[in-house]
Amino acid sequence: MKRICSLLLALAILLSLCACKKLPESSESILYAMDTQMDFRLYGDDDGAAAQSLGDLIAGLELELSATDNRSDLSMLNRLGSSTNADILALLRAAQTLSARTDGALDPTIYPLVKLWGFTADAYRIPREEELESTLKLVGLSRVHLYDDHVELDEDTMLDFGALAKGYAADLCRAELEKRQLTGILSLGGNIQTVGEKPDKTPWTIGVQDPDDPAAYVVTLAVEGTRAVVTSGDYQRYFEYDGTRYCHIFDPATGCPVQGELRSVTVVAESGLLADGLSTALFVMGYDKGEALWRESDDFECIWLFSDGSVRLTQGLEQAASGCAFTVVRR
Ligand code: ADP
Ligand code: MG
């Protein structure tokens with residue numbers, strides 16, 4: 001009898017210890033980098049060391065990959081025509097793969113177009129036909145010669161990793177948090193990256209922004225585990241002229257900002273880089289070609305917001321999505 005009592009007591013102590021085990025505390029931080037606001041919510045980063053290392057990592061990448069900072073490795077490549085920078089080489093390899101998958105819709109050589117239309121200096125203008133034609137001659141990945149340890153560009157060809165850099169940064173941040181065995185959710189501008197499970201085991205909640213109201217969400221996603229959720233749209237950076245909107249995403253085939261039936265495309269994938277590249281490319285491709293790409297792929301899910309307010313999403317997101325009426329695209 002005595003024995004049973006002490007066993008029960010031990011069990012009770014054990015249970016109360018388990019009940020007291022505290023979940024890791026969350027901490028929030030804000031950073032301005034890569035032309036946008038970034039927010040981190042980390043769990044268990046008690047001394048702030050992980051947030052600090054993510055900040056350092058992103059600042060380091062910005063120094064390498066900014067197209068507008070004259071001191072960056074990318075700017076040097078654009079001026080001098082060659083580079084051995086490992087991150088630039090990695091991004092170019094990813095860009096080549098994504099370009100092939102998207103029929104050329106993703107193309108980091110569009111930088112001369114971004115400049116021509118005035119997006120680098122906030123001095124927007126609509127170019128003349130001849131300017132457009134001559135600038136388009138500088139665009140195309142065939143003008144980029146990628147070797148094992150360096151890259152060379154044809155004359156006057158220039159790169160811009162605006163469509164990929166934040167996704168690449170998110171992947172590196174995720175690896176850093178995993179190394180530290182921490183979990184969290186990162187927002188790098190329009191790029192959301194979740195890492196691991198939330199300590200209380202509830203899903204991460206991620207909103208897809210209303211293109212007409214930055215404070216409102218059209219769809220909310222309940223996401224489990226590690227995921228990248230990236231949106232590209234016509235409302236992040238644009239100018240208007242004569243009632244027409246010219247946004248910062250270019251169709252490499254025409255040299256013009258994308259105009260069409262879509263307001264935004266959100267891609268959910270395992271990799272931040274893949275989601276970032278695909279969200280830009282799918283916005284360029286439009287709905288029909290994008291849907292066809294999804295059908296032949298198994299590494300991403302997708303949400304399309306249309307100009308008429310309708311929403312379509314792929315079947316892998318059906319359970320995760322709420323907040324509005326939507327059409328499910330099935331295989
Ligand atoms: P954001 O960075 O605003 O979240 P995106 O990831 O869609 O949005 O990237 C848009 C940026 O990518 C543009 O500002 C421009 O620098 C660059 N870009 C525009 N069109 C293309 C394209 N077709 N392929 C690759 N990069 C592009
Ligand atoms: Mg992108």
Side-chain angles (χ1 to χ4, degrees), residues 34-35 60-169 232 237-239 246-259 273 276-281 283-285:
M34 297 186 168
D35 242 358
L61 280 178
E62 187 170 21
L63 272 178
E64 292 179 49
L65 301 177
S66 165
T68 48
D69 181 341
N70 283 335
R71 300 160 302 172
S72 73
D73 296 74
L74 184 64
S75 293
M76 282 199 301
L77 167 60
N78 285 342
R79 278 199 305 276
L80 304 175
S82 79
S83 176
T84 57
N85 179 289
D87 290 312
I88 291 179
L89 299 182
L91 278 164
L92 273 172
R93 281 191 196 101
Q96 281 183 336
T97 308
L98 278 169
S99 166
R101 272 184 79 175
T102 61
D103 202 14
L106 183 94
D107 191 333
T109 67
I110 43 79
Y111 195 49
L113 291 168
V114 177
K115 286 177 91 163
L116 179 70
W117 286 80
F119 278 88
T120 46
D122 285 345
Y124 305 116
R125 59 188 282 264
I126 295 173
R128 294 190 307 277
E129 198 55 46
E130 323 76 88
E131 290 178 294
L132 206 54
E133 259 171 44
S134 58
T135 308
L136 264 174
K137 293 199 176 104
L138 309 175
V139 174
L141 274 172
S142 62
R143 300 179 59 83
V144 176
H145 309 284
L146 190 54
Y147 304 96
D148 281 348
D149 59 352
H150 75 289
V151 56
E152 289 171 19
L153 306 182
D154 284 350
E155 202 174 351
D156 293 330
T157 287
M158 288 186 278
L159 306 179
D160 170 2
F161 289 129
L164 297 170
K166 283 180 284 169
Y168 185 63
S232 290
R237 189 168 298 175
Y238 65 92
F239 68 97
Y246 298 91
C247 75
H248 70 148
I249 300 175
F250 287 81
D251 184 342
T254 63
C256 296
V258 175
Q259 279 162 5
L273 181 56
D276 202 358
L278 280 179
S279 70
T280 309
F283 188 75
V284 174
M285 293 165 88

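Along the sequence shown, the residues carry numbers beginning at 1. From a predicted model like this one, the values you see are computed outputs, not experimental measurements.
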Correct closest heavy-atom pair for Leu74 and Asp160 would be CD2-CA, 4.4 Å

Centroid-to-centroid, Phe119 to Phe250, below 6.0 Å?
yes

Is there a donor-acceptor contact under 3.5 Å from the side chain of Thr109 to the main chain of Gly140? yes

In this structure, CZ of Arg128 is separated from CD of Glu133 (nearest 0.5 Å) by 12.0 Å

Arg93 side chain vs Leu146 backbone, donor-acceptor pair below 3.5 Å: no

Between Ser66 and Asp69 the two heavy atoms that sit nearest each other are OG-N, 3.0 Å

Note to self: Quiz question: by atom type and distance under 3.5 Å, do the side chains of Tyr111 and Asn78 form a donor-acceptor pair?
What the structure shows: no

Tightest non-hydrogen contact, residues Leu132 and Pro127, listed as CD1-CG, 4.1 Å

What do you reckon, is CZ of Arg71 surrounded by more than 12 foreign heavy atoms closer than 6.0 Å?
no

Audit row: Leu273, Leu91, side-chain contact (heavy atoms from CB on, under 4.5 Å) steps and yes/no
CA-CA 9 Å; Leu273 181 56; Leu91 278 164; 3.7 Å; yes

With sequence neighbours left out, the residues meeting side-chain hydrogen bond (donor to acceptor under 3.5 Å, both in side chains) with Ser75 are Ser72

Within the 4.5 Å heavy-atom criterion, are Val284 and Leu106 side-chain neighbours or not? no

**Message:** Is it the case that the side chain of Asp154 and the backbone of Thr157 share a donor-acceptor pair, with hydrogens and angles ignored and the cut-off at 3.5 Å?
**Reply:** no

*asked:* Test your reading of the model: is there a side-chain donor-acceptor pair from Thr102 to the backbone of Leu98, 3.5 Å cut-off?
replied: yes

**OP:** Answer yes or no: is there a side-chain heavy-atom contact under 4.5 Å between Val114 and Met158?
**Re:** no

Item to complete: Taking the side chain as every heavy atom from C-beta outward, state whether Leu61 and Met34 have any pair of such atoms under 4.5 Å apart.
Response: yes

In this structure, CD1 of Ile126 is separated from CD of Glu131 (nearest 0.5 Å) by 11.5 Å

When the ring planes of Phe239 and Tyr124 are compared, do they come out parallel, tilted or perpendicular, using 30° and 60° as the limits?
parallel

Report yes if the side chains of Ser232 and Thr280 come closer than 4.5 Å at any heavy-atom pair, otherwise no. yes

Value for CG (Leu89) from OG (Ser83), rounded to nearest 0.5 Å, stands at 6.0 Å

Partner of Val151 under side-chain contact (heavy atoms from CB on, under 4.5 Å), picked from Leu159, Thr84, Val144, is Val144

In terms of heavy-atom contacts, Thr254 and Leu136 come closest through O-CD1, 3.5 Å

Quiz item: Do the non-hydrogen side-chain atoms of Tyr246 and Cys256 ever get within less than 4.5 Å of each other?
Solution: no

Heavy-atom closest pair (Ala95 atom, Leu164 atom, distance to 0.1 Å) is CB-CD1, 4.0 Å

| field | Main-chain N/O of Cys247 paired to Trp117 side chain as donor or acceptor, under 3.5 Å | value | no

Between the CG atom in Leu138 and the CZ atom in Arg143, the distance rounded to the nearest 0.5 Å is 5.5 Å

- Message: What I'd like to find out is whether the side chain of Met76 reaches to under 4.5 Å of the side chain of Asn85, using heavy atoms alone.
- Response: no

**Message:** Within a 6.0 Å radius of atom CD on Glu155, are there more than 12 heavy atoms belonging to other residues, nucleotides or ligands?
**Reply:** no

- Item | Any side-chain heavy-atom pair of Ser279 and Asp276 under 4.5 Å | yes

Does the Glu64 side chain pair with the main chain of Asp73, one donor and one acceptor, at a distance under 3.5 Å? no

Rounded to the nearest 0.5 Å, the CG atom of Asp251 sits from the CD atom of Gln259 at a distance of 10.5 Å

Under the side-chain contact (heavy atoms from CB on, under 4.5 Å) rule, what do Leu116 and Arg125 come out as? Steps first, then yes or no, please. CA-CA 8 Å; Leu116 179 70; Arg125 59 188 282 264; 3.7 Å; yes

dist Leu153:CG -> Arg79:CZ (nearest 0.5 Å) comes out at 12.5 Å

